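First comes the structure, then the notes that go with it.
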Amino acid sequence: MPLLPELQKELPALLRSLHQSPTQPLLYSSIFRILTRTQNSLRRGQQLHALLLLHGVCLDPILSARLASMYASSGDLRSSSLLLLNHPDPSSLLFNSLIRGHSLRGIPTDVLSTFHAMLSRCHFPDHFTYPFVLKACADLPSPSTGTAVHSLCLRQGLELDCYVGSSLINMYAKCGDLRSAHRLFDVMPVRDSSSWNALIAGYMMVGAVKVAEHLFDEMPKRNVISWTAMISGYTQNGSADRALKVFDEMRKEGTEVNPNWVTVISVLPACAHSAALDQGESIHEYARSMGFDSHPIVQIALVGMYAKCGSLLKAHHCFDQIPEKNKSVVAWNTMITAYSSHGRGEEAVSSFEKMISSGIHPDAVSFTGLLSGCSHSGLVDQGLKYFDSMSSVYSVEPTHEHYACLVDLLGRAGQLEKAMKIINQMKIDPGPSIWGALLSACRIHRNLELAEIAAKRLFVLEPGNSGNYILLSNMYAEAKNWEKVKKLRSLLREKGMKKSPGCSWSEINGESYSFFTGDTSHQQAAEIYRLLKDLPEKMKIEGYAPDTSYVLHDVSEEEKECNLAAHSEKLAIAFGILNTIPGTTLRVTKNLRICGDCHTAAKFISKIYEREIIVRDVSRFHHFRDGVCSCRDYW
DNA sequence: TTAGGGTTAG
């Protein structure tokens, strides 16, 4: 088939010919084929459809299929469906056009109902039908429909067709049935890159990174999709470093394949995960140079990346660059969540209100962001009001996430009994996130009685989560109940669970440096520890008294103070002070929640060294400046 | 015609 620009060149001549012979079906057919692949052509298509009817041109199978494709590609699925419904004897071609149209719109049930209609009218699906039908099956929650379609392919002898086979491999891989996917892959006479790519993505999805890597190494010819599958696979499996490395490798000169916009949105979450702001900015620059930054999804990914890398200002700037018409509910949600995670509850609320005013309907994610924003900022009444409006005003039914936010909102504010009452009155079974929120709130407000109730549930619901045992054990330690601490710790050992070690990292000049608690392995360890040793004296002058309750072992107070000095977030902050220009902002990320003493210390450090320090912990951001934290100590 | 995808709580 000639390329689209060449085809489009033919369009004026075809339209002129049509003007002279308006009853010629072949002319219409050629024009519709071009319009199907041209943007904003619905109006012209409709005019030609009217002209065709006016001249009584017979809708032969090819012409009606092309007409349906034209409507479907313009998003007018209703007209395509009407063509099929009103046709006395629709051809397989017409069914295929409609199936393809529904597939483009991404609604699997519509694809499958058209497929069902096709079968019930005794039309045989072919190698043009199955790829779309199997794609729809792959998007369904259960693999049973896909298996049934597979048996149809087998009966028609189409299983090993290049397109059908690839689609079957993809369907099984997406459903997580890698055994069936790989079995088919092994028997395919010709394996095109899509079969390899589908298998790579499937193995990545189930976390079999090594197998995916092996396939990637083995495949004869990698294309942009193969590279992107590896990058997004690494990101999804928490290997952000490897995702960034593969992206760099791909961009190196000599690699024939270049990243496209999907590659960019696959690698940006890796920057976000590692809080690698410099690398994120460099990828943003690349996207700009390639013109990908005008893509709505890239724009959203950029907002998310900047927010998670600690630059709320740049996130907001990117959001402002998005044209109003492209500000989808996802774009707004990203901005609401950004404000919320940075402890800017008021801005999260005002973004939500702006979204409503602009005519965008909120979804479940909007409320998760909004409610967690209210919770982090202590906006209890507003949060309660929004929770109540969810189903009554916006028809969004609260899910576990929303209840968890609500319990968190009340719990943080000290209204533990009210939170407990809500849990007891919930319409759905409370899940681990809800009990987890209650347990955290109990820790803040030192309510051991309720904590024991929440923990008891969590031990059943999340038997493998060591965090819950640690939290309760820390609470017993605070209450100096060493007997119960011992009991819980030995229970942890029995189950073979370990406390995840505290780790903090900081990106300096594009390079990431990480520290574990008590880490002495770094080259500059001596300097770091010297700085930290001198710090308490400086801080005490400013009025600092270390809070030793955060070192939860049965040891002396002096020893506790010593342990606090070696917390990973303090090591990373000290390292940052030593290695960056005075006055610049320090950015530190921690894998757990920031410790209370480190939070106090960071406030003093920001004052003593006149630095803004931005700490991202596992649940939110803290901006320390001039002795104050943006969370106003509400966290 | 198939394959890679942005926002989510404690």
Side-chain angles (χ1 to χ4, degrees), chain A residues 96 99-100 103 126-135 138 161-171 173-174 192-202 204-205 223-233 235-236 259-269 272 295-305 307-308 328-338 340-341 363-372 375-376 399-409 411-412 431-441 443 454 458 462 465 467-468 471 593 618-620:
Chain A
N96 281 351
I99 285 171
R100 179 171 180 267
S103 176
D126 58 18
H127 59 289
F128 280 92
T129 324
Y130 283 117
F132 298 111
V133 174
L134 287 165
K135 188 182 155 78
D161 170 88
C162 183
Y163 285 112
V164 178
S166 286
S167 305
L168 279 166
I169 292 169
N170 178 53
M171 183 274 293
K174 271 230 173 103
D192 61 350
S193 54
S194 16
S195 308
W196 289 87
N197 292 342
L199 214 51
I200 287 172
M204 277 295 195
M205 195 186 78
N223 61 15
V224 60
I225 293 174
S226 331
W227 285 89
T228 308
M230 290 304 289
I231 292 169
S232 68
T235 309
Q236 283 154 20
N260 63 13
W261 72 271
V262 185
T263 322
V264 168
I265 60 165
S266 305
V267 76
L268 284 174
H295 196 291
I297 295 181
V298 176
Q299 291 170 333
I300 296 165
L302 284 167
V303 174
M305 180 277 289
K308 288 207 175 114
S328 60
V329 65
V330 181
W332 283 104
N333 289 350
T334 310
M335 201 60 233
I336 293 168
T337 308
S340 149
S341 66
D363 64 9
V365 180
S366 319
F367 283 101
T368 312
L370 178 68
L371 294 172
S372 79
S375 170
H376 287 308
T399 64
H400 283 103
E401 286 79 25
H402 303 109
Y403 276 106
C405 289
L406 187 65
V407 169
D408 189 50
L409 178 85
R412 270 180 213 271
S433 56
I434 291 154
W435 290 113
L438 186 71
L439 182 60
S440 298
R443 161 80 203 273
L458 283 165
E462 297 182 321
N465 186 347
N468 299 323
L471 227 159
R593 261 172 66 106
V618 75
S619 77
R620 61 172 295 161

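Every heavy atom of this structure was used, including side-chain atoms; hydrogens, water molecules and symmetry mates were not. Below, chain A is the first sequence line, B the second, and so on; all start at residue 1. Quick caveat: nothing in here was measured; it's all calculated off a predicted structure.
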Looking for any heavy atom pair under 4.0 Å, which part of the strands does [X] touch: base, sugar-phosphate only, or nothing?
| X | result |
| --- | --- |
| A:T129 | nothing |
| A:Q236 | sugar-phosphate |
| A:W196 | nothing |
| A:T334 | sugar-phosphate |
| A:V407 | nothing |
| A:N96 | nothing |
| A:S328 | base |
| A:R593 | nothing |
| A:S266 | sugar-phosphate |
| A:H127 | base |
| A:P432 | base |

So, [X] side chain and [Y] main chain: donor-acceptor pair closer than 3.5 Å or not?
| X | Y | result |
| --- | --- | --- |
| A:H402 | A:A364 | yes |
| A:S166 | A:C162 | yes |
| A:T334 | A:V330 | yes |
| A:N197 | A:I200 | no |

Under 4.0 Å from OP1 or OP2 of [N]: is there any side-chain N or O of [X] that close?
| X | N | result |
| --- | --- | --- |
| A:K174 | B:dG5 | no |
| A:K135 | B:dT1 | no |
| A:S433 | B:dG10 | no |

*Kindly say whether, by distance alone, the side chain of A:N223 makes a donor-acceptor pair under 3.5 Å with the base of B:dG4?*
no
*asked:* If you go through the side-chain atoms of A:S167, does one of them form a donor-acceptor pair with the base of B:dT2 closer than 3.5 Å?
replied: no
Just the rounded figure in Å: distance from [atom2] of [N] to [atom1] of [X].
| X | N | atom1 | atom2 | result |
| --- | --- | --- | --- | --- |
| A:L439 | B:dA9 | CG | C1' | 15 Å |
| A:L302 | B:dG5 | CG | C1' | 14 Å |
| A:R620 | B:dT8 | CZ | C1' | 17 Å |
| A:F132 | B:dT2 | CZ | C1' | 8 Å |
| A:H295 | B:dG4 | NE2 | P | 16 Å |
| A:I200 | B:dG5 | CD1 | P | 13 Å |
| A:Y163 | B:dT2 | OH | P | 9 Å |
| A:L371 | B:dG10 | CG | C1' | 14 Å |

Which nucleotide in [options] has an atom nearest any side-chain atom of [X]:
| X | options | value |
| --- | --- | --- |
| A:F128 | B:dT1, B:dG5, B:dA9 | B:dT1 |
| A:T368 | B:dT8, B:dG10, B:dA3 | B:dT8 |
| A:I265 | B:dG6, B:dG10, B:dG4 | B:dG6 |
| A:T337 | B:dG5, B:dA9, B:dG10 | B:dA9 |
| A:I300 | B:dA9, B:dG6, B:dG4 | B:dG6 |
| A:N260 | B:dA3, B:dG4, B:dA9 | B:dG4 |
| A:D192 | B:dA3, B:dG5, B:dT2 | B:dT2 |
| A:R100 | B:dT1, B:dG6, B:dT8 | B:dT1 |
| A:P131 | B:dG10, B:dT7, B:dT1 | B:dT1 |

_Residues forming a side-chain contact (heavy atoms from CB on, under 4.5 Å) with A:S440, sequence neighbours excluded_ = A:L471
_Test ring pair (Phe, Tyr, Trp, His ring centres under 6.0 Å) applied to A:Y403 - qualifying residues, sequence neighbours left out_ = A:F387
*When the ring planes of A:W261 and A:H295 are compared, do they come out parallel, tilted or perpendicular, using 30° and 60° as the limits?*
parallel
